[in-house]
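Chain naming here is simple, since letters A, B, ... match the order of the sequence lines and numbering starts at 1 in each. Computed from heavy atoms alone, side chains included, the values below leave out hydrogens, waters and symmetry copies.
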There are 2 protein chains.
Amino acid sequence: MSTLPHPRLDELDLAQVLAALGDETRLAIVGTLAANDDDAMTCSQFLHLGSKTGLSYHLAKLREAGLVNVQPEGTKRLISLRRADLDERFPGFLASIIACRPKKPA
Amino acid sequence: MSTLPHPRLDELDLAQVLAALGDETRLAIVGTLAANDDDAMTCSQFLHLGSKTGLSYHLAKLREAGLVNVQPEGTKRLISLRRADLDERFPGFLASIIACRPKKPA
DNA sequence: TGCCTTGTTCAATGAATGTTGAACAATTGA
DNA sequence: TCAATTGTTCAACATTCATTGAACAAGGCA
């Protein structure tokens, strides 16, 4: 699966999840993943949100909180929302978060 | 209404709300208010969660984020969840948060 | 092999956070 | 008036957080 440490479903902690999302940059990352139809994205696709180093930091936070899955693929990392896990552990939560983010017009 | 500053409905910021809830103590405060049927409570009713000073700090955070309303009443402060406001601004959010908190058995 | 791309690690820094105890303010009630 | 109750404010402190740049790894590809 993945070489990087990810919390298991039963290890997800609500306060940690909320803290991870309590940052504009990380909230934007999650919002972008959702707006991208939950398709996997690479770090470089978020460069408009901050520096390379900063993104590495924020993505690690999101991964450690259990919000995203990070899967190495060649020199890239495929980042995807853990939508199913989050929906199971915190039903309705992710949807309510995403619903009140400003949507990008088509 | 109240002498303490509260953000207006249109001023509620999702990231700030999430950050405010990203702390075990504050999450417990909100959970307790919800478990108490959204009835107003006083600071002293949360003393089991921390020191007097600490609670004052955390309750200010919750108030500034727009999660609770604090209304002076004599020497006490009546603290209540801004349920209606939160439901309007972030539909489904509060419910999803509260649903996955462990409930106290009756 | 060598170079480019992608992303991480490290150390440093400044800002924000959470906790504590002492002192203070405001109201209530004897 | 005096004392008790309820909370806030303040300064101090240690911790964590977010950001930066330089250096480093690991693959891809010529």
Side-chain angles (χ1 to χ4, degrees), chain A residues 1-6 13-33 36 39-80, chain B residues 1-6 13-33 36 39-80:
Chain A
M1 283 298 173
S2 72
T3 106
L4 295 117
H6 290 75
D13 177 68
L14 180 55
Q16 188 180 1
V17 166
L18 291 166
L21 290 173
D23 174 277
E24 297 287 2
T25 301
R26 293 192 292 262
L27 195 51
I29 291 174
V30 168
T32 303
L33 283 166
N36 202 41
D39 286 340
M41 300 180 70
T42 64
C43 297
S44 55
Q45 292 183 272
F46 298 103
L47 278 179
H48 58 105
L49 294 175
S51 69
K52 203 168 51 157
T53 310
L55 286 175
S56 190
Y57 169 77
H58 287 303
L59 285 168
K61 283 268 180 191
L62 290 173
R63 174 178 51 77
E64 289 159 9
L67 280 158
V68 303
N69 192 287
V70 182
Q71 180 183 353
E73 196 77 21
T75 112
K76 307 186 178 181
R77 307 290 159 101
L78 294 185
I79 296 141
S80 53
Chain B
M1 284 299 171
S2 72
T3 106
L4 295 117
H6 290 76
D13 177 68
L14 179 56
Q16 189 180 0
V17 166
L18 291 166
L21 290 173
D23 174 277
E24 297 286 2
T25 300
R26 294 191 294 260
L27 195 50
I29 291 173
V30 169
T32 302
L33 283 166
N36 202 40
D39 285 342
M41 300 179 70
T42 63
C43 297
S44 56
Q45 293 183 271
F46 298 104
L47 278 178
H48 59 104
L49 294 175
S51 69
K52 205 170 50 159
T53 310
L55 286 175
S56 189
Y57 169 76
H58 287 304
L59 285 168
K61 282 269 180 187
L62 289 172
R63 174 179 50 79
E64 288 160 10
L67 281 157
V68 303
N69 193 286
V70 181
Q71 182 184 352
E73 195 76 22
T75 110
K76 309 186 178 183
R77 307 291 159 102
L78 295 185
I79 297 142
S80 54

K.L.:
By nearest heavy atom, map Gly54(B) and Gln45(A) onto DNA chain C; which one lands nearer the 5' end?
P.N.:
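With Gly54(B) and Gln45(A) compared, the 5'-side residue is Gln45(A).
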K.L.:
Can you figure out which of dG7(D), dG7(C), dA22(C) approaches the side chain of Lys76(A) most closely?
P.N.:
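My answer, after comparing the listed nucleotides, is dG7(C).
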K.L.:
Does the side chain of Asp39(A) reach to within under 4.5 Å of the side chain of Ser80(A), using non-hydrogen atoms?
P.N.:
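No, too far: nothing below the 4.5 Å cut-off.
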K.L.:
For Gly74(A) and for His58(A), find the nucleotide of DNA chain D with the closest heavy atom, then tell me which residue's nucleotide is more 5'.
P.N.:
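Comparing both residues, the 5'-ward one is His58(A).
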K.L.:
Which of these nucleotides, dG7(D), dG21(D), dT9(D), is closest to any side-chain atom of Cys43(B)?
P.N.:
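Minimum distance to the Cys43(B) side chain belongs to dG7(D).
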K.L.:
If you measure from CZ on Arg77(B) to CD on Gln71(B), what distance do you get to the nearest 0.5 Å?
P.N.:
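Nearest 0.5 Å value for the CZ-CD distance: 11.0 Å.
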K.L.:
Rounded to the nearest Å, what distance is computed from the CZ atom of residue Phe46(A) to the P atom of nucleotide dT8(C)?
P.N.:
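Checked: the CZ to P distance equals 12 Å.
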K.L.:
Nearest to the side chain of Ser56(A), which nucleotide is it out of dT6(D), dT9(C), dT20(C)?
P.N.:
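Taking heavy atoms from C-beta onward, the closest nucleotide is dT9(C).
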K.L.:
Specify the separation, in whole Å, of atom NZ of Lys61(B) and atom P of dG7(D).
P.N.:
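These atoms are roughly 21 Å apart.
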K.L.:
Which of these nucleotides, dG7(C), dG27(D), dT19(C), is closest to any side-chain atom of Thr42(A)?
P.N.:
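In terms of side-chain proximity for Thr42(A), the closest of dG7(C), dG27(D), dT19(C) is dG7(C).
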K.L.:
Could you report the tightest heavy-atom contact between Leu67(B) and Ala20(B), atom names first, then the distance?
P.N.:
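Closest approach of Leu67(B) to Ala20(B), heavy atoms only: CD1-CB, 3.8 Å.
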K.L.:
Starting at NZ of Lys52(B) and ending at P of dT19(C), how long is that distance when rounded to a whole Å?
P.N.:
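After rounding, the reported distance stands at 17 Å.
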K.L.:
Between P on dT20(D) and CG on Leu49(A), what's the gap in Å once rounded to a whole number?
P.N.:
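Rounded to whole Å, this separation is 13 Å.
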K.L.:
Where the side chain of Thr53(B) is concerned, which of dT17(C), dC10(D), dA18(D) is the nearest nucleotide?
P.N.:
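That would be dC10(D).
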K.L.:
dT15(D) P sits how many Å from Asp23(B) CG, rounded?
P.N.:
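Atom CG in Asp23(B) sits about 18 Å away from atom P in dT15(D).
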K.L.:
Where the side chain of Thr75(A) is defined as all heavy atoms beyond and including C-beta, which of dA18(D), dT5(C), dT8(D) is the nearest nucleotide?
P.N.:
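Of the options given, the side chain of Thr75(A) lies nearest dT5(C).
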K.L.:
Is a side-chain donor-acceptor pair under 3.5 Å present for Ser51(B) with Thr53(B)?
P.N.:
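No, no side-chain donor-acceptor pair sits under 3.5 Å.
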K.L.:
Ignoring hydrogens and geometry, is there a side-chain-to-backbone donor-acceptor pair from His58(B) to Ser56(B) under 3.5 Å?
P.N.:
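Not confirmed, His58(B) side chain does not pair with Ser56(B) backbone.
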K.L.:
Tell me the interatomic distance from Leu55(B), atom CG, to dG7(D), atom P, rounded to whole angstroms.
P.N.:
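Nearest whole value for this atom pair: 10 Å.
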K.L.:
Would you mind reading off the distance between Ile79(A) atom CD1 and dT8(C) atom C1', rounded to a whole angstrom?
P.N.:
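It is 12 Å, rounded to the nearest whole Å.
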K.L.:
Taking atom C1' of dG7(C) as reference, at what distance in whole Å does atom CG of Leu78(A) sit?
P.N.:
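So the two atoms are 13 Å apart, to the nearest Å.
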